[in-house]
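To start, the structure itself, in structure tokens.
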2 protein chains.
Amino acid sequence: MGGARLKDVAERAGVSIKTVSNVVRGEIRVAEPTRTRVLRAIDELDYRPNASARHLRTGRSGVIGLAVPELVQPYFAELATAVIEAARAHGVAVLVEDTGGDPEAELRVARGLSDPLVDGVLISPSRLDQAALVRGPRRVPLVLLGERDFEVPADHVLIDNVSAAREATEHLLARGCRRIAALGFQTSATRHTTSQQRARGYLTALRAAGLAYDPALTPPVRGFARAEGQAVTRGLLALPEPPDAVFCFSDLLASGAVRAAYDAGVRVPGELAVVGFDDIEETRFCVPSLTTVAPDKAQLARLAVDALLTRVTGDPEAPHTTIHASHRLIPRESTS
Amino acid sequence: MGGARLKDVAERAGVSIKTVSNVVRGEIRVAEPTRTRVLRAIDELDYRPNASARHLRTGRSGVIGLAVPELVQPYFAELATAVIEAARAHGVAVLVEDTGGDPEAELRVARGLSDPLVDGVLISPSRLDQAALVRGPRRVPLVLLGERDFEVPADHVLIDNVSAAREATEHLLARGCRRIAALGFQTSATRHTTSQQRARGYLTALRAAGLAYDPALTPPVRGFARAEGQAVTRGLLALPEPPDAVFCFSDLLASGAVRAAYDAGVRVPGELAVVGFDDIEETRFCVPSLTTVAPDKAQLARLAVDALLTRVTGDPEAPHTTIHASHRLIPRESTS
């Protein structure tokens, strides 16, 4: 059905081919009467924009993939929104994939096998087996959003997690805290590079302050979710010498930590100061509002989309780059 | 580049065409040695799954669009995740679009003009001009997730918002509240059908309890976000006769309301009971935890995806259906 072409629609509507194209792509504002005329012509001629033909001709679909471990984590929803916005500025659509943190799903996406239509993939990996990625074939360009193991041959965009964690810990030290717990250490089996980097920043700050490292204050977590933060903080508060502060590697862990303190009758920040990481929206509204490390998500997204599109349209063999986005600590009630 | 076909990959790897197809589509578990062999053959032959050719042949891309007003609203992130999961069960990918609540962007998506590759569109409209939608042409099947004006010719999947709002208000009445504010009324210019339905449920419950309606307790809001909830609640608490409870039409409004109460030194629930709507994850962890109406999001997503795929593969002219998903009120600390 519908053998009509762009040219036929333009003639019927009495406008240029470019105007029809603009209406169809929805990219540029077109005066309402003109738009209505074009849409009526599209309707009457049963015109279907032939994306497949364009795809075959250019080899590009104008769609990039974005894989995140969990869209229900507000950080990833906010990051995805920033990526959609950054891609839209280039006229590119985003296919958002939720891998559920499944390493096999991440590997499939990273190899470009998940959706055959995408021109390239942005991936914010959780447990990606990066060694497997090096060995395997890859169909489309890939940019990693977040930490990677150094040997993975891909561009990556990230913040300086070591410095960020160090600054968060120093903020607690400056407030007079001396038994500072860290929530986000992981055991070697599940260890994520991001966790390692933030642990390093925490330990560096303690050392610089002349404080001894107490492993009881860095219990391993299985993930960065609220329920985990709540359960592990419950354990910290039951220690013979409980902490006077806790630096959480995510705002969700911090949300769980504050909840556990409330349940145990421990005042935040009076008896337990809390710092989070990510600056998700709720941290400005929750009671108490949460001191947190804010990565510049809009900048992260812009840099990642730019790097990917450069790779898609440019030289796939060009040397891989590492690009840092900025971050800052935002003090709020939970440490005041 | 890469003239290799599925058949060539299968021969090279010594497996069936179906096995290659399974690896490429990533849909079915394949033993790791077999997968490795297939991926190596794909690499050696530089095979690119020819999605465009398949698209031209079947007229279907295996991708559906999902348009939400704002992915950064946790309700929509949770709903999107549920939709992705429901679609995955059918081997269908989801292109998530964030319309930013822009009526023009919503209309473009609803007409299937936003991405020419999608087979159909799920849309959770905020300010969609539904009259314009009726008049305009449409390229692909559409299912509305949420309330619609009755005359729009599309399937829609939703919860019974009138009953849900009535139950939430009755919960506050049963707790002894008598000056119950409602946060979510909108002026006629910005009024969303969902807002109207919830307002009706609230008013019905008041009337059944023999309480007079006080317009001072239903100030109009410009949207369902946290900052709006905070600002409008500030006004409610400054009334000569402030409310003893507030029923919020979203959890984000409730988050802002709790924040405003905290800032004003008003105890929740002691002096102000608060009920939200949506059951987003944070409501179980925030202090105090939030009583809320929980729509069954997994069911909503399943019903919507099923309705859309039925429309895509079946009769586009079949009568339009309205399908209700279930909901329940979850009592927590904010009304205890």
Side-chain angles (χ1 to χ4, degrees), chain A residues 23-26 36 39-40 42-44 48-56 61-63 70-74 76-78 80-81 84-85 93-98 104-105 108-109 111 113-117 136-139 226-227 230 255-256 258-259 262 281-282 284-289, chain B residues 23-26 29 36 39-40 42-44 48-56 61-63 70-74 76-78 80-81 84-85 93-98 104-105 108 111 113-117 136-139 226-227 230 255-256 258-259 262 281-282 284-289:
Chain A
V23 171
V24 168
R25 292 151 53 100
T36 305
L39 290 174
R40 194 178 306 124
I42 285 175
D43 199 27
E44 288 163 0
R48 291 186 59 138
N50 202 332
S52 301
R54 190 182 65 205
H55 187 198
L56 287 173
S61 64
V63 179
E70 278 194 303
L71 211 47
V72 289
Q73 287 187 30
F76 291 116
E78 294 181 8
T81 301
I84 289 168
E85 218 155 275
V94 180
L95 185 70
V96 181
E97 291 243 8
D98 184 319
E104 198 174 330
R108 200 169 63 231
V109 172
R111 284 172 169 167
L113 296 175
S114 178
D115 190 285
L117 292 170
R138 215 190 305 149
R139 201 180 59 74
R226 297 181 206 262
Q230 183 180 22
S255 158
V258 169
R259 181 74 223 179
Y262 180 81
E281 192 194 67
E282 73 182 75
R284 300 201 302 275
F285 291 85
C286 59
V287 175
S289 63
Chain B
V23 171
V24 168
R25 291 151 54 98
R29 304 270 155 167
T36 305
L39 290 173
R40 195 177 305 124
I42 285 175
D43 200 27
E44 288 164 359
R48 291 187 60 139
N50 202 333
S52 301
R54 191 183 62 206
H55 186 198
L56 287 174
S61 63
V63 179
E70 278 195 301
L71 212 47
V72 290
Q73 286 188 30
F76 292 115
E78 294 181 8
T81 301
I84 288 168
E85 218 154 276
V94 180
L95 185 72
V96 181
E97 291 243 9
D98 184 319
E104 197 173 332
R108 200 169 62 230
R111 283 172 170 168
L113 296 174
S114 178
D115 191 284
L117 293 171
R138 216 189 304 147
R139 203 180 56 75
R226 298 180 206 263
Q230 183 180 22
S255 158
V258 169
R259 180 74 224 179
Y262 179 82
E281 192 194 67
E282 73 182 77
R284 299 201 303 276
F285 291 86
C286 59
V287 175
S289 62

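Per chain, numbering begins at 1; letters A, B, ... match sequence-line order.
- Within the model, atoms OG of Ser289(A) and OH of Tyr262(B) stand 8.0 Å from one another, a figure rounded to the nearest 0.5 Å.
- The side-chain contact (heavy atoms from CB on, under 4.5 Å) check on Ala77(A) picks up Ala77(B), with sequence neighbours excluded.
- Of the two parts of Val287(B), the backbone and the side chain both hold a non-hydrogen atom closer than 4.5 Å to a non-hydrogen atom of chain A.
- Considering only residues two or more places apart in sequence or on other chains, Gln230(A) meets the side-chain contact (heavy atoms from CB on, under 4.5 Å) condition with Arg234(A), Arg259(A), Ala260(A), Asp263(A), Phe285(B).
- Among Arg226(B), Glu281(B), Glu78(B), Gln73(B), the residue with the largest count of heavy-atom pairs under 4.5 Å with chain A is Arg226(B).
- Contact annotation for Leu71(B): both backbone and side-chain heavy atoms come within less than 4.5 Å of a heavy atom of chain A.
- Considering every non-hydrogen atom in both Leu95(B) and Val94(A), the closest pair reads CD1-O, 3.1 Å.
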